[in-house]
> 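Got a structure for you, written out below as structure tokens; questions coming shortly.
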There are 2 protein chains.
Amino acid sequence: MANQSPHLDQIFAALADPTRRAIVMRLCAGEASVGELAGPFDMALPSFMKHIHVLETSGLVQSEKSGRVRTCRLSADALVGAEDWFQQQRAIWEARLDRFEAYVMKLKKEKERAGAKRPSRTSKRKGS
Amino acid sequence: MANQSPHLDQIFAALADPTRRAIVMRLCAGEASVGELAGPFDMALPSFMKHIHVLETSGLVQSEKSGRVRTCRLSADALVGAEDWFQQQRAIWEARLDRFEAYVMKLKKEKERAGAKRPSRTSKRKGS
DNA sequence: TGATTGGTTAGCCATGAAGCTAACTATACA
DNA sequence: TGTATAGTTAGCTTCATGGCTAACCAATCA
């Protein structure tokens, strides 16, 4: 119940917006200036800058200004961190499924054995 | 620029909240009633129910009422869908890194060749 | 049947997110 | 030096989110 990384909050919140996911996808293909990034979007620049800022505070994106141009690049660590979360959940989930399956198998075998007993009290069937 | 699944919006938005992530984590370990889920949280039930509802509309959780008890379970599909998104991004990202690395190696080799020429005009060093 | 339990509905409030315009700063180019 | 370019800041609106209380069903159980 502890381990509540405040970072995951921000990362997932950042990725909940289609504009920001598109920015991340674009940056996966390589760094770009704010202007280049903003190009495809029908949105005023200040609004767009807010998205960049959200991505930066989440740690998904880093940027650097040189001259009058700000260049953005993806920071893979944050992405990987979020991906890890899924993998952890899946591990737990799958372990449970395995246990569940084992349990079902056990039930099935018990039933089989019980079923095998009923028709003949004298002989045990060997296998399927 | 198309392919903007509205579902991812809701899934990531759902996971952006620590309470809801905790619920998902809890449900990874097996289904539970609303009351059981709510237990550990210092929150009024109606507030908690909102979280459940958000999880349901995102597709991460399914629930069913029997008698006066509502039982919730995880719906793995949605989780996997979100995980896929990360894997796709990582694939693009890694492909780019590979290309970049190849490029750096090329540069390095060119430099090496140029460097090997400088010290002696008469002999080529073989290797270290 | 009456009380308890488990969940639900309705409605309120405070905060934050996402968009806009207008005006401004600072670099680069002619 | 003057002008265009690339971002930035400030301030506004609107809507969604996350929390609450109070009152309300509807199963169970004594």
Side-chain angles (χ1 to χ4, degrees), chain A residues 1 4-27 30-73 78, chain B residues 1 4-27 30-73 78:
Chain A
M1 206 80 9
Q4 287 296 10
S5 140
H7 235 77
L8 277 183
D9 287 24
Q10 298 181 285
I11 292 174
F12 284 130
L15 293 176
D17 184 282
T19 300
R20 291 194 291 260
R21 278 203 308 282
I23 295 173
V24 168
M25 290 166 81
R26 167 58 241 274
L27 289 179
E31 59 183 43
S33 72
V34 169
E36 282 168 351
L37 288 174
F41 295 95
D42 185 19
M43 187 184 294
L45 241 195
S47 314
F48 187 80
M49 285 295 294
K50 279 195 190 174
H51 288 297
I52 298 283
H53 191 243
V54 169
L55 286 168
E56 274 197 272
T57 55
S58 79
L60 282 165
V61 162
Q62 291 178 326
S63 78
E64 194 183 358
K65 196 163 181 180
S66 132
R68 63 184 168 176
V69 131
R70 175 173 297 278
T71 302
C72 304
R73 67 182 59 74
Chain B
M1 206 85 2
Q4 287 295 9
S5 139
H7 235 77
L8 277 183
D9 287 25
Q10 297 179 286
I11 292 174
F12 284 130
L15 294 175
D17 184 281
T19 299
R20 290 194 293 258
R21 277 202 309 284
I23 294 173
V24 167
M25 291 166 80
R26 169 57 240 275
L27 289 179
E31 60 183 41
S33 73
V34 169
E36 281 168 353
L37 289 173
F41 296 96
D42 185 18
M43 186 183 295
L45 241 195
S47 316
F48 187 80
M49 285 295 294
K50 280 195 191 176
H51 287 298
I52 298 283
H53 191 244
V54 169
L55 286 168
E56 273 197 274
T57 55
S58 79
L60 282 165
V61 163
Q62 292 178 326
S63 78
E64 194 184 357
K65 195 163 181 178
S66 133
R68 63 184 170 177
V69 130
R70 175 172 298 277
T71 302
C72 305
R73 67 182 58 76

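In what follows, every heavy atom counts, from backbone to side chain, and hydrogens, waters and symmetry copies are set aside. The chains referred to below are lettered A, B, ... by the order of the sequence lines, with proteins before strands, and numbering in each begins at 1.
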> Ignoring hydrogens and angles, are the base of D:dA6 and the side chain of A:R68 linked by a donor-acceptor pair under 3.5 Å?
no
> Does a side-chain N or O from B:S47 land closer than 4.0 Å to OP1 or OP2 of D:dC20, or not?
yes
> Can you measure A:R70 atom CZ to D:dT8 atom C1' for me and round it to whole angstrom units?
9 Å
> Do A:C72 and A:L37 have side-chain heavy atoms sitting under 4.5 Å apart?
yes
> Grab the CZ-C1' distance between A:F12 and D:dT17 for me, whole Å please.
18 Å
> Check the distance between D:dA6's C1' and A:L37's CG and give it to me in whole angstrom.
13 Å
> Judged by each residue's nearest nucleotide on DNA chain D, which is more toward the 5′ side, B:P46 or B:V54?
B:V54
> From the set D:dG18, D:dG7, C:dA18, return the single nucleotide nearest to any side-chain atom of B:R20.
D:dG18
> Among C:dT8, D:dG18, C:dG6, which is the nearest nucleotide to the side chain of B:V69?
C:dG6
> Is the backbone N or O of A:L15 less than 3.5 Å from a side-chain atom of A:R20, with the two atoms forming a donor-acceptor pair by type?
no
> Write down the distance between CZ (A:F48) and C1' (C:dA18), rounded to a whole number of angstrom.
14 Å
> Measure the shortest side-chain to side-chain distance between B:R21 and A:F12 over non-hydrogen atoms and say whether it is less than 4.5 angstrom.
yes
> Confirm from the modelled atom types if B:K65 and C:dG7 form a donor-acceptor pair under 3.5 Å, side chain to base only.
no
> What is the separation between atom CE on A:M43 and atom P on C:dT21, rounded to the nearest whole Å?
12 Å
> Check this one for me: any side-chain N or O of A:H53 less than 4.0 Å away from OP1 or OP2 of D:dT8?
no
> Using side chain to side chain contact (heavy atoms under 4.5 Å, CB included), reason through B:S66 and B:T71 one step at a time and then give a plain yes or no.
CA-CA 8 Å; B:S66 133; B:T71 302; 5.9 Å; no
> Considering only side-chain heavy atoms of A:S33, which listed nucleotide, D:dG7, D:dT8, D:dG18, is closest?
D:dG7
> Using whole Å, what does the distance between atom C1' of nucleotide D:dG19 and atom CD1 of B:I52 come to?
16 Å
> A:H51 side chain N/O closer than 4.0 Å to the phosphate oxygens (OP1, OP2) of C:dG19?
yes
> Less than 4.5 Å apart, side chain to side chain, heavy atoms only: is that true for B:Q10 and B:L60?
no
> Over how many whole Å does the gap from A:D17 atom CG to D:dA16 atom P extend?
14 Å
> Identify, between B:M49 and A:G67, the residue whose nearest nucleotide on DNA chain C lies closer to the 5' end.
B:M49
> Can you tell me how far C1' of D:dG18 sits from CD1 of B:I23, to the nearest Å?
13 Å
